[in-house]
Amino acid sequence: MFTDEYYMKMALQEAQIALEKDEVPIGCVIVSNNRVIAKAHNLTEALNDVTAHAEMQAITSAANYLGGKYLQNCTLYVTLEPCVMCCGALNWSQISKVVIGARDEQRGFINKNLSLHPKTELVVGVMENECSDFVKNFFKSKR
């Protein structure tokens, strides 16, 4: 059965690809009707673009796949809580569900009192430890 954990493991695989590229290891997948329609990871260093977050890359890819800008009936799985910019993009996309692995207390949208689209379901804490460890270990290795 396709569970939130199943798809979060795919997002973690994307985070691993980012790690191998020396990017902040955040990964993301977008699913529609139990089918992965977009996979992405951070590319801010490679593209020299502060907007090249995993979520932004995945939103663009999914919209291209669907042929439209709205991601209704889609679920985004992301290893780390989206930032304010990505929250805004997810809001505008009208995505149906967002599943977050680990919270980002400092840069995430939740503590900024922002919200997703009113119809978007939010799930937080799927494979939280694994997702959190990815980012913590990355920054620990940089210090």
Side-chain angles (χ1 to χ4, degrees), residues 1-139 142:
M1 186 66 195
F2 299 117
T3 62
D4 287 344
E5 289 79 11
Y6 175 83
Y7 292 115
M8 190 60 73
K9 285 178 185 175
M10 286 185 173
L12 280 166
Q13 290 171 346
E14 286 296 312
Q16 179 63 42
I17 294 168
L19 181 66
E20 291 165 6
K21 295 177 179 180
D22 204 31
E23 298 275 359
V24 177
I26 298 170
C28 182
V29 297
I30 297 179
V31 176
S32 177
N33 298 317
N34 290 323
R35 181 178 199 182
V36 175
I37 62 169
K39 293 187 210 178
H41 52 273
N42 271 8
L43 290 172
T44 58
E45 300 300 325
L47 298 178
N48 199 27
D49 180 356
V50 296
T51 69
H53 291 189
E55 301 94 322
M56 301 298 277
Q57 302 298 308
I59 290 166
T60 299
S61 181
N64 286 336
Y65 177 86
L66 294 172
K69 62 185 176 181
Y70 297 117
L71 302 181
Q72 294 155 335
N73 302 314
C74 293
T75 301
L76 176 133
Y77 294 86
V78 64
T79 57
L80 188 68
E81 178 184 341
C83 70
V84 171
M85 172 185 68
C86 294
C87 174
L90 289 165
N91 187 338
W92 285 110
S93 78
Q94 299 181 18
I95 196 156
S96 297
K97 183 177 177 183
V98 173
V99 179
I100 298 170
R103 291 282 315 277
D104 185 345
E105 301 289 337
Q106 291 182 327
R107 296 181 182 252
F109 76 93
I110 295 172
N111 283 354
K112 306 287 190 230
N113 294 320
L114 298 174
S115 58
L116 299 166
H117 190 272
K119 292 182 180 177
T120 301
E121 177 186 352
L122 178 63
V123 176
V124 179
V126 174
M127 298 184 66
E128 182 175 9
N129 292 335
E130 295 91 327
C131 293
S132 178
D133 287 347
F134 241 89
V135 176
K136 284 180 184 174
N137 292 336
F138 173 78
F139 285 111
K142 294 292 181 187

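Sequential numbering from 1 along the given sequence is applied to the chain's residues.
- Put simply, the side chain of C131 reaches to within 4.5 Å of the side chain of L12, judged on heavy atoms.
- To the nearest 0.5 Å, atom OG of residue S32 and atom CD of residue Q72 are 11.0 Å apart.
- Separating the CZ atom in F109 from the CG atom in L122 is a distance of 5.0 Å, to the nearest 0.5 Å.
- For N91, the side chain to side chain contact (heavy atoms under 4.5 Å, CB included) partners at least two apart in sequence or on another chain are H117.
- Shown here are the salt bridge (charged side-chain N to carboxylate O under 4.0 Å, His left out) partners of K97, two or more places apart in sequence or in another chain: D4.
- Residues T75 and V123 form no side-chain contact, since every pair of their non-hydrogen atoms from C-beta on lies 4.5 Å or further apart.
- Scanning for salt bridge (charged side-chain N to carboxylate O under 4.0 Å, His left out) contacts around E105 gives R103, with sequence neighbours left out.
- Taking each heavy atom of S115 and C87 in turn, the nearest pair found is O-SG, 3.6 Å.
- The minimum heavy-atom distance between S93 and L90, with the atom names listed, is OG-O, 2.8 Å.
- Other residues, nucleotides and ligands place more than 12 heavy atoms under 6.0 Å from the CG atom of N137.
- The distance from the CD atom of Q106 to the NZ atom of K112 is 8.0 Å, given to the nearest 0.5 Å.
- Residues passing the side chain to side chain contact (heavy atoms under 4.5 Å, CB included) test with L66, sequence neighbours excluded: I37, L71, C74.
- Counting only distance, with no hydrogens or angles, the side chain of T120 and the backbone of I95 share a donor-acceptor pair below 3.5 Å.
- Residue pairs meeting the ring-ring contact (aromatic ring centres under 6.0 Å, His included) criterion with at least one partner in residues 71-93, sequence neighbours excluded, are Y7-Y77.
- Residues satisfying the side chain to side chain donor-acceptor pair (under 3.5 Å) criterion with Y6, sequence neighbours excluded, are absent altogether.
- Interatomic distance, D133 CG to E128 CD, rounded to the nearest 0.5 Å: 10.0 Å.
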Sequence neighbours left out, cut at 3.5 Å: what donor-acceptor pairs do the side chains of residues 18-29 make with other protein atoms?
{"from": "E20", "atom 1": "OE2", "to": "Q16", "atom 2": "NE2", "distance (Å)": "3.1"}
{"from": "K21", "atom 1": "NZ", "to": "H41", "atom 2": "NE2", "distance (Å)": "3.0"}
{"from": "D22", "atom 1": "OD1", "to": "K142", "atom 2": "NZ", "distance (Å)": "2.7"}
{"from": "D22", "atom 1": "OD2", "to": "K142", "atom 2": "NZ", "distance (Å)": "3.0"}
{"from": "E23", "atom 1": "OE1", "to": "T44", "atom 2": "N", "distance (Å)": "3.1"}
{"from": "E23", "atom 1": "OE1", "to": "T44", "atom 2": "OG1", "distance (Å)": "3.4"}
{"from": "E23", "atom 1": "OE1", "to": "E45", "atom 2": "N", "distance (Å)": "2.9"}
{"from": "E23", "atom 1": "OE2", "to": "E45", "atom 2": "N", "distance (Å)": "3.2"}
{"from": "E23", "atom 1": "OE2", "to": "A46", "atom 2": "N", "distance (Å)": "2.8"}

Table please: side-chain donor-acceptor pairs of residues 50-60 below 3.5 Å, with sequence neighbours left out.
{"from": "T51", "atom 1": "OG1", "to": "D49", "atom 2": "OD1", "distance (Å)": "2.7"}
{"from": "T51", "atom 1": "OG1", "to": "D49", "atom 2": "OD2", "distance (Å)": "3.2"}
{"from": "H53", "atom 1": "NE2", "to": "V50", "atom 2": "O", "distance (Å)": "3.2"}
{"from": "T60", "atom 1": "OG1", "to": "M56", "atom 2": "O", "distance (Å)": "3.1"}

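- By the 6.0 Å contact criterion, CG on N48 is open, its count of non-hydrogen atoms from other residues, nucleotides or ligands being 12 or less.
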